[in-house]
Each structure stands twice: as structure tokens, then as C-alpha cells.
Amino acid sequence: MARPNSKYFASVITKLIAAKRKENIVIDESFKMQLRNDLLDRAAGSSSLLEEIRPLDIGAMFARWKYALAVVPSALVVLLIAVKFVNMPVSIPGEQILPTGSQETSVSEEDVQLPVETADSESALVPVNSHPPMKKLRTFPGALILPRVVDEDSSLETFPVKNEELDVKETDVENIEPKRAMEVLGEVNEVLPPAPLSFTIFGFQVNHQDEKDTNDTVLAHREERIDRGELIPDIVDETPVAVLPTENVVQKLEKPIEFVSAQPVAQPVPQPLVEGGVVESFQAVQTVPVLEPVVPTLRFMEYGVDLQPLKREKLENQVVPSLIGDRAIENVYVSEKEKGIVSVEILFENGEKVQEFYTFNERTNVWDTVHYVTHQYYDDSLSYTSDFQYQISPYSKSRGAQYLPKRR
Amino acid sequence: MHNSTLTFVNSTLVSDQDKQLVEDAQKDPQKFAALYDKYFDQIYRYVYRRVSDKDMVHDLVSQTFYDALSHMDTYEWRGYPFSSWLYKIAHNNVLKWYREHNKIQTTPLDESAPLKDMNVDLEKNVQDLELKDQIEALLVQLEPEDREIIRLKFFEEISNVEIAEVMGLSANHIGVKVFRVLKKVKQLLSL
């Protein structure tokens with residue numbers, strides 16, 4: 001590396017030195033003497049010139065000590081807090097605290113949130129007196145549940161869910177809210193007569209009415225007790241049982257059960273050997289026919305919609321039995337209400353009719369109940385509007401046995 | 001090549017003289033005048049080269065010597081000339097003044113020469129200008145730190161050790177920076 005005074009930089013250094021020598025900086029001698037005197041005066045203890053720039057000295061002192069000045073109050077605050085913390089009173093009881101009968105025990109009465117069973121499959125912990133959580137409900141045009149065309153050939157009459165002469169309920173906006181199934185059920189229960197009296201004496205259950213009664217009242221209250229866990233539901237054997245054909249069933253165009261007999265199978269029979277070794281004939285032996293009973297299906301089922309075998313099986317084994325109970329039925333008609341929702345219409349022998357709607361739950365492989373509920377609310381224009389929605393209730397054996405009143 | 005070399009004063013001799021003066025000034029502030037008389041011109045020119053305003057030059061020079069006098073008791077002799085300490089005080093005061101006044105450091109003009117428009121076209125060939133103007137135009141193109149090194153090295157004619165003391169760098173670092181600045185100046189001068 002070339003040194004600054006080497007020949008490599010000689011030209012540069014020469015120019016720089018030449019430029020320096022061409023400078024003509026004139027020293028102000030008067031200023032020089034004045035400043036000298038001021039400095040001497042300063043040194044002696046007083047100076048008129050230096051007092052003008054004394055604030056700069058103070059500024060320099062502040063610049064030097066400002067951090068120290070900031071630390072002092074901070075340290076005082078920390079010290080104060082530490083002293084207060086150390087001097088905090090701490091009382092340690094000398095005697096062990098034991099519960100005594102004389103002392104009153106306070107029980108906290110906090111609000112208990114009971115699980116409120118809603119129409120939806122999910123139950124949420126909701127305070128008893130609070131409004132139910134609003135959930136999104138699937139809506140559909142009201143025209144879908146308008147009266148449908150009655151098939152004249154069919155003996156089944158259908159009735160609309162919605163009646164055009166709907167009683168308008170003039171209630172406050174705040175009170176209008178979707179009602180849950182249990183609330184609806186509660187209203188239904190109010191119509192029913194009171195529950196049968198039942199009590200227990202010395203371990204014996206005494207009932208006012210026989211538990212095996214199959215009237216509406218007993219059935220409804222019986223299922224309530226099942227839900228509350230007071231009563232163990234009877235195990236219903238739902239395995240199909242071969243029913244001997246009866247005359248009534250024949251009249252209803254029921255298909256009799258057929259016992260198919262197998263074809264007789266010819267079996268060789270050992271023949272006695274004839275001298276000469278000639279086998280004369282071969283005789284067929286009649287065997288006992290093997291009966292292969294055909295698995296019977298519900299004779300009164302009529303399908304207006306194509307369903308998969310699994311769905312059909314679930315419908316026949318779970319849904320229909322839960323609707324008919326022990327009543328004698330005449331016909332069951334299954335049709336499609338809308339996409340994904342089927343309508344099950346049951347006609348009983350006593351003339352009663354029941355129509356329910358179900359949708360198949362692919363996840364649980366059961367038919368969930370679909371309830372069509374009418375909502376009335378005020379829209380933005382403060383006009384009374386009816387909105388037809390439906391709620392899906394999951395399948396439940398206990399609830400499936402409920403009998404809901406006929407809807408108009 | 002005498003003209004092309006710099007002649008530095010025997011730093012050892014100067015240092016011994018300064019040491020005695022400093023000791024006397026520390027004992028008796030009235031004897032600070034000896035140091036003042038010895039280094040006032042250097043400090044004045046140094047500040048004058050960096051600040052264009054004459055009045056401001058007086059203020060900064062006054063401030064420099066005042067600070068030196070007021071802090072004489074804190075000065076510690078470390079073998080360097082007393083001028084290094086004064087240059088350092090002057091250097092800091094000039095930087096402080098530039099920060100407070102948000103000024104751009106410019107090359108000071110010679111008092112005898114008429115004021116030149118500093119908005120000179122830097123792309124213009126510096127060979128066409130006079131030497132002094134060439135140097136001025138050249139220094140403007142350097143970084144402030146490099147410019148300071150050039151001034152201290154070739155205009156104040158102080159050693160690398162003193163320059164290191166003034167700028168707060170090591171002497172070796174100053175030597176490297178001097179080499180690089182000269183190389184850059186050589187390129188700018190197209191020599």
C-alpha cells in the first residue's frame with residue numbers, strides 16, 4: 001500500500017498543499033484580544049463575554065446529569081413500593097379453624113344452568129329464564145306446504161299443514177321467538193288431563209291407572225317418565241315375526257306368507273346286488289321337503305318414492321312402529337315431501353290419520369323427525385308476516401313413540 | 001521533492017512543551033493565556049474552514065476556548081499535544097452547531113476571494129477551475145468524515161495520532177482512511 005507521502009500520491013498532496021497556501025484567512029486580532037481578556041477575566045472569576053454563553057454550560061451540565069436525575073425518582077418509587085409490600089399486614093391465626101355447629105355455613109346460591117332440551121338435537125346449557133338461543137333455520141316458500149291435490153283414487157286424505165284461515169296472534173315483537181319442541185309439548189300437555197296418580201308404598205308401586213293402558217294420556221305421560229329416567233321403557237322385540245294370514249288381511253290385499261318347499265331330491269338307494277351283478281332299476285326316494293320361510297315385510301307399506309333398502313328398512317322398523325304403537329293400521333303411504341324429506345301418512349282402522357315428515361341422517365343412519373313450525377314476526381315494514389320453517393329433530397325411541405295431535 | 005512532502009513538527013518536543021503549559025494552567029487558570037496564544041490561530045482557521053459565517057466563527061471559537069478553560073482540571077495528559085484536545089472541542093462544537101441549525105457542511109471560502117456560488121456544477125471538469133476552486137469542489141464531493149481527515153491532515157498538518165484523538169478513532173484506522181481518501185481524490189482529480 002502506498003504511503004501518503006509516497007510518489008504515488010505526490011501529485012495529490014502537492015495540490016492540497018498548494019491550495020492550503022493559497023488560502024488567505026485573516027485573523028481578527030481585535031476579536032482575539034477581546035476573547036483573551038474575557039478568558040482571563042473568567043479565570044479571575046468574572047467575565048462579561050462568558051456570561052452570555054453560560055446557559056450553554058448549564059445545558060451541558062443538564063445533558064450530563066439528566067440520566068442521573070431520571071434515575072433518582074424512579075428508584076424512590078421502587079423503594080416506596082417495596083416498603084409498602086414489606087409492611088403489608090399478614091395475620092396468621094394461632095388456632096386451627098375447625099367447623100363448629102354454632103357457626104353458620106353459607107351456601108352460595110349461584111344460578112344453576114340446567115340443560116334445556118331444545119327441538120334441535122343439540123342441547124345447550126341455557127339459564128332457565130333466559131331466551132333460547134336463536135339458531136338458523138332453513139326456510140322454504142310457503143307454497144310447499146299449501147294444500148296438495150287430493151288423489152281421488154286414494155283413500156287417504158291429506159290435510160294442509162297451514163290453514164289459510166290462520167289465527168293471527170297479535171303479540172309483542174319481543175315475545176315472538178321460535179318455540180322449541182318442549183315448549184310446544186308443554187302446551188299440548190296442558191290440554192291433556194293430569195297425569196295418573198302413582199305413588200310408592202313400602203316399595204310397591206301403586207298406580208291410579210294401569211301402566212299398560214294404551215290411551216293417549218297414559219302414553220304421553222309414560223314417555224315423559226321415560227325421558228326423565230323414572231321408567232325403563234319396555235324392550236320391544238322388533239324382529240319380524242311370521243304372521244299367519246287372516247281373513248282381514250286378505251281383504252286388504254295383504255300378501256300371504258308363503259312357505260316354499262324345496263324340490264324333492266332324488267337320492268340313490270342302495271339296491272341289493274342281484275346275482276350276475278345287474279342293477280335293475282333306480283328308484284327315486286321321496287324326501288321330506290325343506291321349508292324355507294320367506295321373511296315377511298310390512299304388508300301395508302306403500303311407497304311413492306324410491307328409497308334405498310337401508311332407508312326403507314329403517315323406516316319400517318323404527319319410524320312406522322313408533323307412530324302406530326299398538327293401534328291397528330290400515331295403510332301407510334310414504335311419499336316425497338321435498339328433496340331430502342319424506343312424508344309418512346298413516347291411516348288407522350278407526351279412521352284416524354297421522355302424517356309425519358322425516359329426513360334421513362346419513363351420519364347416524366336414522367330417520368330424523370322434521371317439524372314444520374309456523375313463525376309469525378314483524379318484518380322491517382312492521383307488517384305481520386308468516387314464515388314457514390321446519391326444524392329437524394333427531395330420532396329418539398322415546399320421542400318417537402309420542403303421539404302428537406292431529407294437525408289441521 | 002521538498003514541496004511534495006509534509007514537514008511535521010517534532011511531536012515529542014511539542015508535547016513536552018505543552019505538558020508544562022498544561023500543568024501550569026491547571027495550577028493557575030491565569031496561565032491558560034499561554035496555551036491560548038499558542039493555539040488560537042490554528043483553531044480559528046480550522047473553524048473558519050468549516051463554517052462560512054464569520055460571526056458564527058467567532059462564537060464557535062469563543063465556545064471552544066471557554067470549554068477548554070472550564071474543563072482544564074479534567075484534562076489528562078496522555079502524551080498528545082494540547083492542540084489535539086482543542087481540535088476535538090472545536091470539532092464537536094461545529095458538529096453541534098450544524099445539528100442545531102440543520103446546516104449542511106460546506107467548504108469555507110477565503111475571505112479575500114469573492115463569494116462563489118456553491119451550487120457549482122459538479123459534473124463540470126474540475127481541471128478548468130482554479131486550483132483552489134478545484135479543491136473546494138473536490139471536498140464537497142467527499143464524505144464529511146473524509147473531508148475532515150483531509151482538512152486535519154493537509155490543512156492543519158497534524159499527525160495521524162492527533163487526528164485519531166480528534167475523531168475518536170484509532171491511529172491505524174486513520175492511516176487507512178487517509179490512504180483511501182487520497183486515492184479517491186486522485187481519481188476525482190483525474191491525475
**Item:** Cationic N near anionic O, under 4.0 Å, A:Lys32 to B:Asp37
**Value:** no

When every non-hydrogen atom of B:Leu182 is compared with those of A:Val12, the smallest separation belongs to CD2-CG1, 3.8 Å

Heavy atoms of A:Leu39 and B:Phe65 approach each other most closely as CD1-CB, 3.7 Å

TODO: Could you go through the side-chain contact (heavy atoms from CB on, under 4.5 Å) check for A:Phe9 and B:Val185 one step at a time?
DONE: CA-CA 9 Å; A:Phe9 294 116; B:Val185 171; over 6 Å; no

Under 4.5 Å to a heavy atom of chain A? For B:Val61 that would be both

What one should report as the nearest heavy-atom pair of A:Ala43 and B:Gln30 is C-NE2, 3.8 Å

Open item on the list: Working note: A:Asp28 + B:Lys54, criterion side-chain contact (heavy atoms from CB on, under 4.5 Å); need CA distance, chi angles, decisive distance, verdict.
Closed with: CA-CA 10 Å; A:Asp28 190 346; B:Lys54 185 177 181 180; 4.3 Å; yes

Between the CD1 atom in B:Ile135 and the CD1 atom in A:Ile17, the distance rounded to the nearest 0.5 Å is 11.0 Å

Under the side-chain contact (heavy atoms from CB on, under 4.5 Å) rule, what do B:Phe40 and A:Ile27 come out as? Steps first, then yes or no, please. CA-CA 9 Å; B:Phe40 176 83; A:Ile27 303 300; 3.7 Å; yes

Applying a strict 4.5 Å limit to non-hydrogen atoms, the region of B:Lys183 in contact with chain A is both

Between the OH atom in B:Tyr36 and the CG atom in A:Leu40, the distance rounded to the nearest 0.5 Å is 9.0 Å

Closest non-hydrogen contact found for B:Lys186 with A:Ser11 is NZ-OG, 3.7 Å

Item to complete: Just say parallel, tilted or perpendicular for the rings of A:Phe31 and B:His58, cut-offs at 30° and 60°.
Response: parallel

The reported gap from CZ in B:Arg151 to CG in A:Leu16 (rounded to nearest 0.5 angstrom) is 12.0 Å

